[in-house]
J.: 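Below is a structure I'd like to ask you about.
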Amino acid sequence: MILTGAEIFIECLKREGVKTVFALPGGVVLKIFDMLHQQKDLEIILTRHEQGAGHMAEGYAKATGKAGVCLVTSGPGMTNVITALADAYMDSVPLVCFSGQVPTSLIGNDAFQEADNVGLSRPCTKYNFLVKDVNDLATTIKEAFYIATTGRPGPVLVDIPKDVSMAKTEFSYPNSVSIRGYNPTYEGNKWQIKQAAEAITKAKKPILYVGGGVVFSGASQELLELAEMTQIPVDMTLMGLGAFPGEHPLSMGMMGMHGTYQANMAVHYSDLVIAVGARFDDRVTGKVSEFCPYAKIIHIDIDPTSIRKNINVDIPIVGDCKTVLRELNQILRATVNGEQKELRKPWWDQICEWRQAHPLTYHQEKDGPIKPQQVVKQLYELTKNRDPIVSTDVGQHQMWAAQYFKLAKPNRWLTSGGLGTMGFGFPAAMGAQAAFRDRLVLCIAGDGSIQMNMQEMATAVVSKLPVKIIILNNRFHGMVRQWQDLFYEGRYASSYLDTTPDFVKLAEAYGAVGLRANKVGDLDSVLKEAMATDKPVIVDVQTYPYENCYPMIPAGGCNHEMILEDPPELKKKQSGAARVTPEDKDTVLTA
Amino acid sequence: MEHIISVTVENKFGVLSRVAGLFSGRGFNIESLSVAPTLDPSMSQMTIVTSGDERIIEQIVKQLNKLIDVIKVVDLNETESVSRETAIIKVHTKDEDRAEALRIVDIFRANVIDSTPSTYTIEVSGDPKKIEAIINLLQPLGIKELVRTGRVAVAREPIRPATVQAKKVVRE
């Protein structure tokens, strides 16, 4: 079968099981778009900005576990998608990004809309290809999907020059790939697993520390078995939320900078930390030299470079979380008995004490301004039976969502962890909605970050992706303001955003639905109305502007030294501030 | 501590920048890097001289292994190895210095590979200390130009008992 490069591209995508492509056209990819236009198997979602396309593909990938696909043009198309690639690289999201390139004869000539796509994306992709010959195209695409989805997943870029998409060749799709420099390890070392099992049986104060690796490896079931069998409490990282049921009695909630008190205390005082699919990020460890000082550490991860990168590990196990946990459980089934429960009773007593001493708290006055935590809590109560997918942007609202929205299952949580990309949430939610048209998809956003990819509302309306956006509108870059309050003597340098735009009108301008909640009393009815709409919705919730997110471990601090509430001088200041109308810019700035 | 790392990579465009980008992006140090194709033209051999504590070297080796175009990584400090570096040194020589220059060349078993009435171009191979030593001696004469290849290294082959081979010969 003789096909053009563009047709080969489509055939390959079909064979990889791709259903949806998030794309924005341009000069050098026109041939591919022309062919996409003439077929029915792949759905094209036309985005308004390439960054949106990238994040949508990420959302799609996180919700489905399959590779997300986006297609962009050369030059600015490529540079626009870089943020999404970097985000996917940090958070190990399987992504295949296709970029157009100027014809091979012009590469290097500073042609119109030329950029060194491979060079630009090298540090933020797992691998990238420049296809110089149409005969290599099918093999390259096969390899791209293979690399993106195996081992530790990640983004892969395939750069296709215009003449390659026009050229013709005989099409044949390879059945398998073998790359001699790439052989991810799935099976853990048996001896090491045995050592781990022994340590787990003996430990008096063990804790599981689980990350996004558990989600991507599909190891939630194995994790649940391990935790229940051994009665070990489970700390989740931001990326690991959903890997373990949030309402389970063994769940300690999120750990790290804004993690729960019990989660951080438990990891600090434990004698055995079992890290699964996590990478000891600085937002989790705090001060590295004093991270879990009393513990032996078991580290299970598919990426050997994650092990001993930040923290010395006693029992490293390189392998796939699911495979390793399954083997570990098998050994433990034979060795775990009633003794461990007895052995760990003091540990559980201690944990219960921590839990009771400092649960997550906030104070919602009946007639006072809406507290952001209250919004997340009500949203959770209202929607939890519908098994929603939840995306967030980055900042205070993200941390509150992580604390109060207790996810029951994996692949429901779309958030930007490593790179911390504001503007991620809305397009990611759209990507998930495109994969699951009849599911409820929520996007919890801040008034700052939602504006970073607001243009995608046009895509949501046109492509009928009825994402429900809940903006916790505090008229600030809230997390920046919190740091300024705590560490910069309350000087709000470039963190006040004022009251523009009017999000309700903005939604309406796009043809979406806009709703607003000004009082606590409004919340329930407004949220219900939003959930009942079949269009994209923005719910603009006017929240108390000075609420801070606690617990908080200051950057570089120790995990057991959390700030649990506003320091007294800040409290005093804010009791005055609460009464000013935030619409009055001058009052806010001098408050 | 200094480590010599031998890296077998795909002989494709862009591989060198992936390796170099890894070092610069993660703040690892490269003292020298040399690269050329192997007997199998689809592969290249890199010799990277780097330094760092045990943890950094472990990360360098792991990160190199993680690169998809990298086929094999060997930290030569973990075995016996031999390494060599070549330098080509162009020395300015006045009449009265020419004999001295040749004497130094002789002592270091170096070669004069080009000569003009006022210069000698000298080629010398050896370990870095030897190269440093000859440079130090030639400097007073006036070095016009100096190029060094960076180190190349291979692991020493383990010594097998010679008797095994001898027996074979007898049979033949």
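All chains are named by letter (A, B, ...) in the order of the sequence lines, taking the proteins before the strands, and each is independently numbered beginning at 1.
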J.: With rounding to the nearest 0.5 Å, note down the distance linking CD1 in Ile5(B) to OG1 in Thr47(B).
T.: 10.5 Å
J.: Do other residues, nucleotides or ligands put more than 12 heavy atoms under 6.0 Å from the CD atom of Glu80(B)?
T.: no
J.: Given Leu16(B) and Met46(B), is the side chain to side chain contact (heavy atoms under 4.5 Å, CB included) satisfied, shown in steps?
T.: CA-CA 9 Å; Leu16(B) 178 61; Met46(B) 286 184 182; 3.8 Å; yes
J.: Do you know which two heavy atoms are closest between Leu95(A) and Ala88(A), and how far apart they sit?
T.: CD2-CB, 3.8 Å
J.: Which pair of non-hydrogen atoms, one from Val81(A) and one from Gly54(A), has the smallest distance, and what is that distance?
T.: CG2-CA, 4.0 Å
J.: Quick one: CD1 on Ile297(A) to CZ on Phe291(A), what's the gap to the nearest 0.5 Å?
T.: 6.0 Å
J.: For residues Pro161(A) and Ile107(A), report the shortest heavy-atom separation together with the two atoms involved.
T.: CG-CD1, 4.4 Å
J.: Which residues from residues 82-120 of chain B are near chain A, with near meaning under 4.5 Å between non-hydrogen atoms?
T.: none
J.: How long is the gap from OG1 on Thr50(B) to CG on Leu33(B), to the nearest 0.5 Å?
T.: 10.0 Å
J.: Over all heavy atoms of both residues, which pair between Ala295(A) and Val273(A) is shortest? Give the atoms and the distance, please.
T.: CB-CG2, 3.8 Å
J.: Is Ile307(A) close to chain B through its backbone or its side chain, or both, or neither, when contacts mean heavy atoms under 4.5 Å?
T.: both
J.: Taking donor and acceptor roles from the modelled atom types, list the N and O pairs under 3.5 Å across chain B and chain A.
T.:
unit_1: Glu10(B); atom_1: OE1; unit_2: Arg180(A); atom_2: NE; d: 3.4
unit_1: Glu10(B); atom_1: OE1; unit_2: Arg180(A); atom_2: NH2; d: 2.9
unit_1: Glu10(B); atom_1: OE2; unit_2: Arg180(A); atom_2: NE; d: 2.8
unit_1: Lys12(B); atom_1: NZ; unit_2: Tyr127(A); atom_2: OH; d: 3.4
unit_1: Ser17(B); atom_1: OG; unit_2: Arg122(A); atom_2: NH1; d: 2.9
unit_1: Ser17(B); atom_1: OG; unit_2: Arg122(A); atom_2: NH2; d: 3.3
unit_1: Arg18(B); atom_1: NH1; unit_2: Asn128(A); atom_2: OD1; d: 3.0
unit_1: Arg18(B); atom_1: NH2; unit_2: Asn128(A); atom_2: O; d: 3.0
unit_1: Arg18(B); atom_1: NH2; unit_2: Asn128(A); atom_2: OD1; d: 2.8
unit_1: Ser42(B); atom_1: O; unit_2: Arg180(A); atom_2: NH2; d: 3.4
unit_1: Ser42(B); atom_1: OG; unit_2: Arg180(A); atom_2: NH2; d: 2.9
unit_1: Arg55(B); atom_1: NE; unit_2: Arg308(A); atom_2: O; d: 3.3
unit_1: Arg55(B); atom_1: NH2; unit_2: Asn310(A); atom_2: O; d: 3.1
unit_1: Glu58(B); atom_1: OE1; unit_2: Arg308(A); atom_2: NE; d: 2.7
unit_1: Glu58(B); atom_1: OE1; unit_2: Arg308(A); atom_2: NH2; d: 2.6
unit_1: Glu58(B); atom_1: OE2; unit_2: Arg308(A); atom_2: NE; d: 3.0
unit_1: Gln59(B); atom_1: NE2; unit_2: Thr305(A); atom_2: O; d: 2.8
unit_1: Lys62(B); atom_1: NZ; unit_2: Pro304(A); atom_2: O; d: 3.0
unit_1: Lys62(B); atom_1: NZ; unit_2: Ile307(A); atom_2: O; d: 2.7
unit_1: Lys66(B); atom_1: NZ; unit_2: Asp303(A); atom_2: OD2; d: 2.8
unit_1: Lys66(B); atom_1: NZ; unit_2: Thr305(A); atom_2: OG1; d: 3.4
unit_1: Asp69(B); atom_1: OD1; unit_2: Tyr127(A); atom_2: OH; d: 2.7
unit_1: Asp69(B); atom_1: OD2; unit_2: Tyr127(A); atom_2: OH; d: 2.9

J.: For Ile147(A) and Phe129(A): C-alpha separation, side-chain torsions, deciding distance, then whether side chain to side chain contact (heavy atoms under 4.5 Å, CB included) applies.
T.: CA-CA 11 Å; Ile147(A) 292 170; Phe129(A) 298 90; 4.1 Å; yes
J.: Could you have a look at Ile68(B), Leu22(B), Val70(B), Ile56(B) and say which one has the most heavy-atom pairs with chain A under 4.5 angstrom?
T.: Ile68(B)
